[in-house]
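One structure is given here, and the rest of the page talks about it.
Ligands are counted one by one from 1 in listed order, and the atoms in each one are counted from 1 as well.
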Amino acid sequence: MHTVQVALADRSYPIYIGDGLLAHGKLLAQHLPQNRVALITDTTVAALYLDKVAEALGAACVSVTKVVVPTGERHKDWHNLNAVFETLLANHCERKTTLVALGGGVIGDLAGFAAATYLRGVPYIQLPTTLLAQVDSSVGGKTAINHPRGKNMIGAFYQPLAVIADTATLKTLPDRELSAGLAEVIKYGLIRDPAFFAWLESNIDALIGREPAALAYAISRSCENKAEVVAADEREESGTRALLNLGHTFGHAIETGLGYGTWLHGEAVAAGTVMAARLSQHLGLIGAPEVARVAALLERARLPVNAPDLGVERYLQLMGMDKKVEGGRMRFILLRAIGSALLTAEVSRDALAAVLATPVAHA
Ligand code: NAD
Ligand code: GLY
């Protein structure tokens, strides 16, 4: 087992990464303020892992209330948040009852937001079961639900007590979901870790082939990067954490524009990352060889590199909802090299329209 620490003073916590960790109930139980949890998951993950986790916790003398919501991005909404609250209230879950999110980023975000608001805030623990959740969404305390007008529009910064990433769960993950997670892995290389980007170029086939050692390294290195960024800028105030949003302004527009769940989050981020690279090239920050390098790695990870054709005006409307908008101005994460990014509002409408209008796939 490898442990990465997220250093946030009194809100610091460990990320445990290892094979078979879900079977070790005591690893989770040691973090509980009360020997009681509400285990929140989706229907797909419930069929695979809910009983196993509940049994492991039972063996560690923890009582479990099970909460199962429908699978999928379009269910990360008020309706299912309220369904979670209904079950917690009906079962008299208390202020020291810990919510445990078992699943991908949808469950992590939904359960995390439930924890931030139920009884004005209860503890929670993340058990991420997708690559995307193990490398990104379970770490850092961003919790949210979607609004029909925009992704992750309603939420809170609220840190978990611990993250337990069992890499064995990736064995059941569909190929498309594995690739979606790789989009966020590649992101860390692009924004701040050129050596990691080069390692990914050499090892992308091993990752697609699910070689355990390659996956374990990619997850650990991603979590180390994320933990450093979150420790430097927990609430996205200085601009450091915003860099984790490379490709996301475009990506969130794709997800909302097509309807939640049509493209996976990681797929939308991949195409959005190429758009961000092309915008960086348009502004003279990087050259065509760098853009080609970005697109080549994403393609080798079996991710889309051409965005759907939503129309320039619709893109601009959707991107205007971005949480980074400040004083009415959109702000973008751009690349100034492979491994170095910046946040800027200095992007003309013409440059943006040029990127949004040039070759894209049909939705
Ligand atoms: P997801 O939670 O929908 O999981 C993807 C699919 O895989 C689902 O169908 C799920 O049921 C299934 N699944 C999960 N684990 C499995 C397993 N081990 N075996 C088989 N199937 C499994 O999606 P995701 O890609 O994990 O997360 C995307 C979400 O994360 C988006 O809502 C995005 O906005 C959010 N996100 C949040 C942050 C953050 O910092 N909070 C960061 C990145 C992404
Ligand atoms: N996934 C972006 C962030 O955590 O800030």
Side-chain angles (χ1 to χ4, degrees), residues 6 22 40-50 52-53 68-77 80 101-113 116 126-146 150-153 155-160 163 165-185 187-188 191 210 222-223 225-227 229-230 232-237 239-249 251-252 254-256 260-261 263-270 323-324 333 343:
V6 183
L22 288 185
I40 303 172
T41 193
D42 68 28
T43 40
T44 306
V45 179
L48 292 164
Y49 300 110
L50 182 57
K52 177 184 171 165
V53 174
V68 182
V69 298
T71 294
E73 185 71 45
R74 69 194 169 87
H75 297 293
K76 198 175 100 174
D77 64 1
N80 284 294
L102 172 68
V106 164
I107 286 299
D109 282 11
L110 180 78
F113 187 44
Q126 294 269 15
L127 304 183
T129 61
T130 63
L131 180 62
L132 186 139
Q134 294 186 356
V135 300
D136 191 353
S137 63
S138 66
V139 177
K142 274 191 182 176
T143 72
I145 55 169
N146 299 324
K151 274 275 297 180
N152 298 335
M153 282 296 151
F157 287 97
Y158 193 62
Q159 301 294 341
V163 178
D166 182 346
T167 52
T169 59
L170 301 181
K171 287 179 190 148
T172 55
L173 196 64
D175 289 342
R176 192 177 162 202
E177 301 290 351
L178 188 85
S179 288
L182 288 173
E184 303 281 19
V185 174
K187 169 185 81 179
Y188 295 113
I191 62 169
R210 301 178 192 236
S222 297
C223 287
N225 270 298
K226 179 131 191 196
V229 171
V230 169
D233 182 18
E234 182 184 5
R235 298 176 69 87
E236 206 166 299
E237 288 160 335
T240 304
R241 184 163 183 170
L243 302 184
L244 293 172
N245 253 257
L246 177 70
H248 285 58
T249 304
H252 286 164
I254 293 168
E255 289 186 82
T256 309
Y260 299 127
W263 277 34
L264 302 180
H265 175 71
E267 293 171 341
V269 166
K323 290 187 287 308
K324 290 185 294 301
I333 315 303
L343 171 68

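Distance check: L246 CG to K187 NZ gives 8.0 Å after rounding to the nearest 0.5 Å. A distance of 9.0 Å separates OG1 in T256 from CD in E73, rounded to the nearest 0.5 Å.
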Can H248 and E255 be said to form a side chain to side chain donor-acceptor pair (under 3.5 Å), step by step? CA-CA 10 Å; H248 285 58; E255 289 186 82; over 6 Å; no

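Salt bridge status for K324 with E236: absent, with no side-chain N to carboxylate O gap under 4.0 Å.
The shortest N/O to N/O separation between K142 and ligand 2 falls below 3.5 Å. Ligand 2 has an N or O atom lying under 3.5 Å from an N or O atom of K226, backbone or side chain.
Residue pairs that meet the salt bridge (charged side-chain N to carboxylate O under 4.0 Å, His left out) test with at least one member in residues 101-111, sequence neighbours left out, are K76-D109.
Scored by the ring pair (Phe, Tyr, Trp, His ring centres under 6.0 Å) test, Y158 finds Y124 as partners (sequence neighbours excluded). A search for salt bridge (charged side-chain N to carboxylate O under 4.0 Å, His left out) contacts involving K323 returns nothing, not counting sequence neighbours.
Near ligand 1, residues D42, T44, V45, L48, Y49, T71, E73, K76, G104, G105, V106, D109, T129, T130, L132, D136, S137, K142, K151, N152, T169, T172, L173, P174, E177, E184, K226, H265 each place a heavy atom inside the 4.0 Å sphere around the ligand atoms.
Short contacts between ligand 2 and R241, defined as distances under 4.0 Å to a heavy atom of the residue, involve ligand atoms 3 (C), 4 (O), 5 (O). The contact set between ligand 2 and D136, taken as ligand atoms under 4.0 Å from a residue heavy atom, comprises 1 (N).
Partner of T240 under the side chain to side chain contact (heavy atoms under 4.5 Å, CB included) criterion, out of L343, V229, V230: V229 alone.
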